[in-house]
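Quick note on labels: first sequence line is chain A, next is B, and so on, each numbered from 1.
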There are 2 protein chains.
Amino acid sequence: MEAVSRTPVSLDQVARAAGVSRTTASRVFSGNQAVSDLARQAVERAAAELGYVPYNATRSPAASRSESVGVVVPEPGSRLFLEPLLPRLLRGIGEELSASGIQMVLFSPQSPADVHRLEHYLAGGHVDAVLLLTLHESDALPSRLQARGIPTVFGGRPRGSIEVSFVDVDNHAGGRTATEHLIEQGRRVIAHISGPRGLHAATDQLQGFREAMWNAALRSDLVEHAAFDRDSGEIAMERLLASTHRIDAVFAASDEMAAGAMWALQVLGRRVPDDVAVIGFDDSPVAATTQPPMSSVRQPIEDMGREMARLVLSLASTRADGHRQMILGPELALRASTIGRG
Amino acid sequence: MEAVSRTPVSLDQVARAAGVSRTTASRVFSGNQAVSDLARQAVERAAAELGYVPYNATRSPAASRSESVGVVVPEPGSRLFLEPLLPRLLRGIGEELSASGIQMVLFSPQSPADVHRLEHYLAGGHVDAVLLLTLHESDALPSRLQARGIPTVFGGRPRGSIEVSFVDVDNHAGGRTATEHLIEQGRRVIAHISGPRGLHAATDQLQGFREAMWNAALRSDLVEHAAFDRDSGEIAMERLLASTHRIDAVFAASDEMAAGAMWALQVLGRRVPDDVAVIGFDDSPVAATTQPPMSSVRQPIEDMGREMARLVLSLASTRADGHRQMILGPELALRASTIGRG
DNA sequence: CACGCCGATGGAAGCGGTTTCACGAACACC
DNA sequence: GGTGTTCGTGAAACCGCTTCCATCGGCGTG
């Protein structure tokens with residue numbers, strides 16, 4: 001019976017075949033209105049026989065929406081963001097949207113031309129709301145979306161204006177918490193391996209480190225910058241040890257760098273945690289596999305994704321034009337690399 | 001002048017403000033029809049003043065399309081596919097679509113419920129065509145798309161029916177080519193570290209290995225299965241060496257496994273390539289950083305992506321209902337690990 | 001039995017934009 | 001001056017679907 005026609009079947013055809021009006025047929029599929037069982041069954045039978053597939057793309061904006069939210073992610077293959085964070089963030093976003101029956105739609109522009117086309121596409125009403133995860137943000141996109149009345153939420157605080165909604169994790173608190181933990185463990189000469197200069201997240205962590213050290217009246221000048229990866233962490237640690245032999249703890253801005261630092265320490269005969277405690281950042285899989293297992297600052301990235309989704313859906317439903325901001329605090333994942341001494 | 005109105009501006013408003021009909025205004029934005037300079041400028045000025053943003057979501061299917069192609073990728077965080085292949089594939093697809101002015105739209109369903117919603121969404125006409133990269137494919141999706149007349153192309157040969165269009169790389173030829181290269185270098189006792197049993201790609205490579213060995217009248221029973229990662233490659237190599245000491249070459253089904261194998265060989269005192277040649281698969285970044293640098297089979301993944309995009313666009317424009325298949329051959333990336341012999 | 005209410009239904013309008021078609025004006029050609 | 005061909009234009013139809021509104025029949029109530 002299944003007719004595989006070349007041209008799509010319209011709601012009108014289904015309605016005619018079922019002997020009802022297009023209105024009634026529409027109600028059967030949208031589901032929220034009263035339709036008699038008789039009519040419903042007739043429509044459903046006709047739809048099955050004709051192979052009807054609802055065509056939702058033409059819904060008007062005044063009425064129902066497209067039931068989808070766009071998420072703009074950095075281009076695939078861009079490091080720095082890709083490693084462990086993006087999947088966790090997307091999982092959080094996806095879970096929350098899925099629970100609301102909303103389709104998550106991903107975009108990954110690879111060139112300026114792509115960004116330009118994406119602006120048109122998103123402003124064109126194909127999605128009900130937009131989440132922006134990409135950092136180097138074109139200015140045109142948010143304002144275009146605003147002109148269309150499309151709610152937008154940033155992941156991570158954007159550099160520019162404050163007139164936007166965003167959700168971020170608290171890197172400042174993360175840096176402070178990690179450092180305070182080391183101080184509580186009795187460490188006094190604490191070094192910090194920071195991320196690249198100028199990067200927002202790295203700067204926040206560094207200031208958190210400095211604040212904690214200042215509060216404890218400890219010197220906070222043992223700082224090296226590195227590129228987030230293992231090798232540069234190893235080199236940074238070697239430089240730190242060359243400058244001061246008395247270091248008894250290290251806080252690195254990523255687990256990769258912390259693992260590199262731990263390696264450098266052990267190669268040079270320092271015991272972890274007996275001689276030097278090591279704490280990383282992100283609580284990535286690496287942290288659990290080092291020898292000894294490594295303490296790390298766990299940012300609630302999945303929660304961040306969920307909150308982004310929740311926030312943008314709330315903005316979309318209330319159509320309020322206010323801006324909301326949310327900052328989520330870190331947790332410590334404590335393991336052997338910072339616990340105990342000797 | 002820029003009016004930031006709460007409600008979107010419609011084409012009608014722009015036309016009225018410009019003193020022309022909606023038809024003429026439409027022609028200005030679609031751009032392909034003759035409009036006098038006077039009218040054009042009036043419309044453009046009015047659009048700028050009102051802050052008009054075209055709303056493309058309601059275009060009829062009979063007429064113009066949505067100018068977008070959906071790509072269904074595995075869930076973020078699923079290994080095995082994620083590592084180096086997916087970014088390369090997406091880059092190829094994205095480049096080709098971008099060149100045609102088509103928006104690439106990504107979907108990454110995380111649960112059966114997500115897959116079900118995605119079926120509705122894609123069949124709902126939000127995209128003009130679909131590329132399927134996910135392997136464990138629900139049956140409903142392709143047939144639904146077909147009912148809607150939405151062209152679909154698979155990345156990688158799907159397990160089931162042959163009545164589909166797909167583009168794939170030739171893993172069989174890849175395995176054969178790698179093995180033949182080792183044979184040409186004078187190697188005779190060649191082992192193979194294969195991927196997980198039952199995986200399509202791994203089986204094809206294994207059969208290519210066997211074919212090349214058979215043609216050269218060499219024994220092809222030195223085969224271990226591993227999980228594509230470095231550690232399991234190392235263990236597999238140790239097992240192979242335990243069974244036969246005379247091995248003089250290894251072909252591994254991934255660069256990670258090959259790197260693990262090379263490590264195991266060197267720990268056990270074998271020189272690479274002097275005693276044992278090593279060749280990997282995928283030509284990932286790992287291959288260039290081993291000591292010595294590692295030969296590898298380079299699959300043209302970017303080309304595969306480009307061909308997928310080209311194929312699906314061709315299907316969309318011709319509206320032909322035939323199925324087309326394409327299989328791309330491998331290349332060898334030769335480095336020190338297989339060249340020369342002490 | 002008159003009245004009012006409610007559930008089910010279909011006609012028609014509407015959504016934002018494109019395309020068909022016919023009309024009028026300008027222009028070229030004989 | 002008549003004829004034919006463009007070119008620019010706008011009214012109207014159209015796309016697939018939703019929703020407003022009026023209608024109709026059945027039912028309970030006084």
K.L.:
Test B:Val43 against every option in B:Val28, B:Leu11, B:Val35 by the side-chain contact (heavy atoms from CB on, under 4.5 Å) rule and name the one that passes.
P.N.:
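For B:Val43, the side-chain contact (heavy atoms from CB on, under 4.5 Å) check succeeds only for B:Val28.
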K.L.:
B:Glu67 CD to C:dG17 C1': how many Å, rounded?
P.N.:
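Value for this atom pair: 14 Å.
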K.L.:
Measure CG/B:Leu11 against P/C:dG16 and give the value in whole Å, please.
P.N.:
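Distance, rounded to whole Å: 10 Å.
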K.L.:
When you check the phosphate oxygens OP1 and OP2 of D:dG16, does a side-chain N or O of A:Tyr52 lie under 4.0 Å from one of them?
P.N.:
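No, no such contact exists.
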K.L.:
Over all heavy atoms of both residues, which pair between B:Gln103 and A:Phe107 is shortest? Give the atoms and the distance, please.
P.N.:
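Heavy-atom minimum between the residues: NE2-CD2, 3.5 Å.
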K.L.:
How does protein reach along nucleotides 6-12 of chain D, written 5' to 3' as B (base within reach of a heavy atom under 4.0 Å), S (only sugar-phosphate), or - (no contact)?
P.N.:
--SBBBB
K.L.:
I need the minimum non-hydrogen distance between B:Leu315 and B:Pro151, along with the two atoms involved.
P.N.:
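Smallest interatomic distance, heavy atoms only, reads CB-CB, 3.8 Å.
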K.L.:
Any chance the side chains of B:Ser10 and B:Arg22 put a donor and an acceptor closer than 3.5 Å?
P.N.:
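There is no such pair (donor and acceptor under 3.5 Å, judged by atom type) between the side chains of B:Ser10 and B:Arg22.
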K.L.:
Please report the end-to-end axis angle for the helix from C:dC1-D:dG30 to C:dC30-D:dG1, five pairs per end, rounded to 10 degrees.
P.N.:
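Taking five pairs per end, the axes differ by 40°.
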K.L.:
Can you tell me the distance, in whole Å, between the CD atom of A:Gln41 and the P atom of C:dT9?
P.N.:
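After rounding, the reported distance stands at 12 Å.
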K.L.:
Measure from the side-chain N and O atoms of B:Asn56 to the backbone N and O of A:Gly124, and report whether any donor-acceptor pair falls under 3.5 Å.
P.N.:
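Checked: no pair found.
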K.L.:
Shortest non-hydrogen contact from A:Val169 to A:Pro300?
P.N.:
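Taking A:Val169 first and A:Pro300 second, the nearest heavy atoms are CG1-CD, 4.1 Å.
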K.L.:
Taking the inter-plane angle between the rings of A:Tyr52 and A:Phe29 on a 0 to 90° scale, is it parallel (under 30°), tilted (30 to 60°) or perpendicular (over 60°)?
P.N.:
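Tilted, since the angle between the ring planes falls between 30° and 60°.
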K.L.:
Could you tell me the separation between the CZ atom of A:Arg16 and the P atom of C:dG10, rounded to a whole number of Å?
P.N.:
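To the nearest whole Å, that distance equals 14 Å.
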K.L.:
Rounding to a whole Å, what distance do you find between B:Asp12:CG and C:dG17:C1'?
P.N.:
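Roughly 10 Å, once rounded to whole Å.
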K.L.:
Taking all non-hydrogen atoms of both residues, which atom of B:Arg88 and which atom of B:Ile301 are closest, and how far apart?
P.N.:
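Closest pair (atom of B:Arg88, atom of B:Ile301, distance): NH2-N, 3.6 Å.
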K.L.:
Which nucleotide in the set C:dG16, D:dT18, D:dC17 lies at the smallest distance from any side-chain heavy atom of A:Tyr55?
P.N.:
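Among the listed nucleotides, the one closest to the side chain of A:Tyr55 is D:dC17.
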